[in-house]
Amino acid sequence: MKADDIMSRSMDKIVALCKRRGFIFQNSEIYGGQNGFWDYGPLGTELKRNVRDSWYHDMVSAHNELIAPQGAPSSYQMVGVETALIMNPQVWKCSGHYDLFHDMMVDCKATKSRYRLDQMRVRSVSFEGQTVKQDETDVELATVMVTSTAEDFHDDLTSEALRAFGQKKKYADKLQWHGEATTLDQIDVAEFVNVVAPGAQKAGTLTAPREFNLMMKTIIGALGTDDDAAFLRPETAQGIFVNFKNVVDSSRVKLPFGICQVGKSFRNEITPRNFTFRSREFEQMEIEFFCRPDESTGWYTYWRDRRYQWYLGLGVSQDRLILRDHHAEELAHYSVGTADIEYAFPFLDEGEFGELEGIAHRGDFDLRSHMEGKLTKNAAGELEVELNEHGKPKHRGSGKDLTYFDDQAKERFLPHVIEPSAGADRATLAFICEAYHEDKQPDEKGEMQERVVMKFHPRLAPVKAAVFPLIKKEGMPEKAAEIFGALKAAGLSCQFDQQGAIGRRYRRQDEIGTPYCITVDGDTMTDGTVTIRDRDSLKQERISIDKVVEEVTSRLNAS
RNA sequence: GCGGAUGUAGCUCAGUGGUAGAGCACCACGUUGCCAACGUGGCUGUCGAGGGUUCGACUCCCUUCAUCCGCUCCA
């Protein structure tokens, strides 16, 4: 790609086009908007539905369970479910979302930083009678608690202590430590006045801990109180896991098989930003693929590569799409392996990528959690049920047997799960960014004019074809209307336009990414042919009127 | 959540303490007839929202909402 083309691919222009042409609007715009929420306009709705439909078609409807696709360890089945947005709150307790999504945070009034309570190390210290001032009161404190969020917190606590007392590095051994380092969530809030936050000059600059609800809360029942609180799902996956037994019992599926779901999820993102990329309401397209544990690695590799190819097949350039394997330390505690499919969005810096989809090997974590209760990793690195202070499960599982009986091998086990989890809005945004092009085309006088063209893959294009009468008389509009009707009858999304000069009409279609334009002209009236014009090459061919639907359909299918 | 910038017509943007502007787009008529034509005419705004100062506020002040950038966060 040429350098100037990259420069022109700016997010501002893309956002402006999305609004101008009705792809994406700011939610509740007439009231000033709502941060983190977006609406799709007429063309955006078509586009996103095409994304969703392509995914479901390629993953589920068109999947042939009798043959193994290239690269797959064997043949497999794929089925869909559609589960509710709201589930029994115990689902989120066992899945781990409840604990994880209820972070207690403190803010530092001095440094304007925010910290997670359980990640902040703290240790009591004094230095030969020297004092640190307390914020607001200016009381002199001889003993304070210093803090660190660093990985190597022992050294960091030392340098924080020296900084707090205004001492040089060489006096590190004169620090008098009291007790061992602990985390801030173990400290009584009343003691916070003695805590020196990282980088702060005085003690007591931390606010009281506040809960950050990353899951959206709602109330069930007209007289609902907080006891009736429920959560909007933060992911669609759990709807699949809790229905695993239902699907196995009702649909005659045999391992290996996948259960798929497309639907909305909700998260209270701290900082929604970058257009629709990080929204608080978003749509996921998820597969939970269940297989034998000993075959799971092969399936993980298969799905990772298959999903990467899916984006390439829909026109995303390999230059801007990467498949990135997570490092071991990045992996979630339950994951054996995870890879991200990431796209070089225009709002990111050169060399940076944003996640479109994650493919995770989740082992038996999810099914086991819903059987036994919330799991955590023990000292030996093995998963076990997390216990509360009474030695009972912190969050009790369903107690239902979610194992699978393999009647070929005559054995019962918990299947392992491969989870390709894609964002429908992120994919749609990536396809929009990828489609945006500016080029120069000659006008009727031969002068080069700038053209904005959305080069959507024909499967994704919101409008497949447009039909124009060259002029608004001599029977051309009527002829064009017939062709338009035939295309509509064939189920194709198309537009009819007789407004303005022909060149302008072509440009209008270019800007919304319509792959084909059909024009009725003077010759049509004598020989029954029309021109079909290609969006990308601008080439026109004459075809017979009765072949129009066939030609458009075959071009769409060939792409 | 913090700091900075921004918010005026569908879009891109001028503008001044004293009745709101341009270009493009859109609509109508005429002309032209295959890549953003031309002429004539027309439509469009609570100047992001709320409050204050003022005889008078789009303009000055305060609050708030949203967007963008940087920090933070990103399970």
Side-chain angles (χ1 to χ4, degrees), chain A residues 10-13 15-22 25-38 41 92 95-103 105-116 118-119 149 207 210 212-215 234-235 267-275 277-280 330 332-335 340 347 349 354-355 358 439-453 468-474 476 498-511 517-524 530-535 537-540 542:
Chain A
S10 78
M11 208 58 209
D12 287 351
K13 289 182 178 182
V15 173
L17 183 141
C18 282
K19 179 172 188 194
R20 187 168 68 245
R21 292 303 190 182
F25 305 127
Q26 195 182 354
N27 169 270
S28 319
E29 192 189 1
I30 61 168
Y31 287 106
Q34 181 69 41
N35 197 354
F37 297 87
W38 298 91
W92 308 112
S95 70
H97 289 86
Y98 182 84
D99 292 344
L100 214 52
F101 277 45
H102 282 70
D103 295 336
M105 312 278 280
V106 289
D107 290 314
C108 173
K109 285 177 278 193
T111 63
K112 308 295 183 196
S113 301
R114 171 174 297 163
Y115 306 99
R116 255 175 72 173
D118 58 345
Q119 286 181 348
T149 53
T207 62
R210 288 181 294 182
F212 275 70
N213 285 299
L214 267 28
M215 279 200 290
E235 63 171 35
R267 297 180 190 184
N268 277 321
E269 296 288 353
I270 310 243
T271 314
R273 204 166 279 196
N274 291 332
F275 203 26
F277 182 77
R278 176 163 295 142
S279 301
R280 288 177 165 147
E330 253 186 299
H333 57 288
Y334 49 76
S335 187
D340 281 346
F347 51 75
D349 289 335
E355 181 182 346
D439 61 16
K440 300 260 199 245
Q441 297 297 341
D443 64 15
E444 59 176 2
K445 300 189 195 76
E447 286 179 35
M448 298 307 276
Q449 297 286 342
E450 197 161 88
R451 176 178 83 135
V452 173
V453 52
F468 310 141
L470 185 59
I471 55 173
K472 226 188 291 184
K473 54 191 176 189
E474 293 166 23
M476 292 184 202
Q498 57 179 359
Q499 205 60 252
I502 189 72
R504 181 189 299 277
R505 284 179 266 166
Y506 284 140
R507 296 302 168 84
R508 275 201 278 256
Q509 295 301 325
D510 288 341
E511 209 180 39
C517 292
I518 289 127
T519 303
V520 169
D521 59 16
D523 294 346
T524 308
V530 294
T531 62
I532 178 164
R533 175 251 197 197
D534 182 88
R535 175 192 69 200
S537 69
L538 304 182
K539 290 224 169 66
Q540 286 180 280
R542 289 209 79 87

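This is a predicted model, so every value here is computed, not measured.
Counting all heavy atoms, side chain and backbone alike, A:Y98 lies closest to A:M215 at CA-CE, 3.8 Å.
Distance, A:R20 CZ to B:C13 P: 12 Å, rounded to whole Å. Between the CG atom of A:D523 and the C1' atom of B:G33 there is a distance of 12 Å, rounded to whole Å. Rounded to whole angstrom, the span from the CD atom of A:Q498 across to the C1' atom of B:G33 amounts to 15 Å. Distance CD (A:Q509) to C1' (B:C34): 15 Å, rounded to an integer number of Å. A straight line from CZ of A:F347 to P of B:G70 spans 11 Å, rounded to a whole angstrom. Straight-line distance from the CG atom of A:L470 to the P atom of B:A37: 14 Å, rounded to whole Å. One can place OH of A:Y506 at 14 Å from P of B:A37, the figure rounded to the nearest angstrom. Atom-to-atom, CG of A:N27 to C1' of B:A66 comes out at 11 Å; the value is rounded to the nearest Å.
The base of B:C35 lies close enough to the side chain of A:R533 for a donor and an acceptor atom to sit less than 3.5 Å apart. You won't find any donor-acceptor pair under 3.5 Å spanning the side chain of A:R21 and the base of B:G10, going by distance alone.
Scored by the salt bridge (Lys or Arg N to Asp or Glu O under 4.0 Å) test, A:R278 finds A:E269 as partners (sequence neighbours excluded). Residues passing the salt bridge (Lys or Arg N to Asp or Glu O under 4.0 Å) test with A:D523 are A:R542, sequence neighbours excluded. Shown here are the salt bridge (Lys or Arg N to Asp or Glu O under 4.0 Å) partners of A:K19, two or more places apart in sequence or in another chain: A:E29. The side chain to side chain donor-acceptor pair (under 3.5 Å) search around A:Q498 returns none, not counting sequence neighbours. Applying the side chain to side chain contact (heavy atoms under 4.5 Å, CB included) rule to A:E511 yields the partners A:L17, A:R20, A:R21, A:V452; only residues at least two apart in sequence or on another chain are considered. Take A:N274 and apply the side chain to side chain donor-acceptor pair (under 3.5 Å) test, not counting sequence neighbours, and it matches no residue. Listed by chain and number, the residues in a side chain to side chain donor-acceptor pair (under 3.5 Å) with A:N27 are A:D39 (sequence neighbours excluded). With sequence neighbours left out, A:R508 forms a salt bridge (Lys or Arg N to Asp or Glu O under 4.0 Å) with A:D497. Applying the ring pair (Phe, Tyr, Trp, His ring centres under 6.0 Å) rule to A:F275 yields the partners A:W38; only residues at least two apart in sequence or on another chain are considered.
A:T524 is not listed as a side-chain neighbour of A:M476, based on a closest heavy-atom distance of 4.5 Å or more. A heavy-atom distance below 4.5 Å is not found between the side chains of A:C18 and A:F25.
Among the nucleotides B:A66, B:A36, B:C73, the one closest to the side chain of A:R507 is B:A36. The side chain of A:A16 approaches B:C11 more closely than any other nucleotide in the set B:C34, B:G33, B:C11. Closest to the side chain of A:R505, from the set B:A66, B:G33, B:C74, is B:G33.
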Scan nucleotides 45-51 of chain B nucleotide by nucleotide, 5' to 3', and note B when protein non-hydrogen atoms come under 4.0 Å of the base, S if they reach only the sugar-phosphate, - if neither. -------
Which letter, B, S or -, goes with each nucleotide of nucleotides 20-32 of chain B from 5' to 3', with contact meaning a protein heavy atom under 4.0 Å? -----SSSS----
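One C1' atom belongs to B:U64, the other to B:U12, and the distance between them is 27 Å to the nearest Å. Distance check on atom C1': B:C13 versus B:U72 gives 34 Å, rounded to whole Å. Of the C1' atoms belonging to B:C71 and B:C47, the separation is 32 Å, rounded to the nearest Å. On the C1' atoms, B:G33 is 13 Å away from B:C38, given to the nearest whole Å. Going from the P atom of B:G10 to that of B:C26 covers 15 Å, rounded to whole Å. Nucleotides B:G15 and B:G7 have their P atoms positioned 11 Å apart, rounded to a whole Å. The P atoms of B:A25 and B:C61 are separated by 38 Å, rounded to the nearest whole Å. With P as the reference atom, B:A5 and B:A9 are 22 Å apart, rounded to whole Å.
Within 4.0 Å (heavy atoms only), A:D521 reaches at least one base atom of the nucleic acid. Across all strands shown, A:Q26 has heavy atoms under 4.0 Å from sugar-phosphate atoms exclusively, and none from any base. Within the 4.0 angstrom heavy-atom criterion, no nucleotide atom of any strand lies near A:F277.
Ion pairing between A:R451 and A:D510 holds under the 4.0 Å rule for side-chain N and carboxylate O.
Listed pair A:N35 / B:U67 meets the phosphate criterion, a side-chain N or O lying under 4.0 Å from OP1 or OP2.
Along RNA chain B, the nucleotide nearest A:K19 and the nucleotide nearest A:G33 are compared for position; the residue whose nucleotide lies closer to the 5' end is A:K19. Of the two residues contacting RNA chain B, namely A:E355 and A:P272, the nearest-nucleotide position lying further toward the 5' end is that of A:P272.
To the nearest 0.5 Å, the span separating CG on A:L470 from OG1 on A:T531 amounts to 8.0 Å.
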Determine which bases of RNA chain B form Watson-Crick or G-U wobble pairs with both distances under 3.5 Å, and write the result as a 5' to 3' dot-bracket string with | for other-strand partners. (((((((..((((....[..)))).(((((.......))))).....(((((..]....))))))))))))....
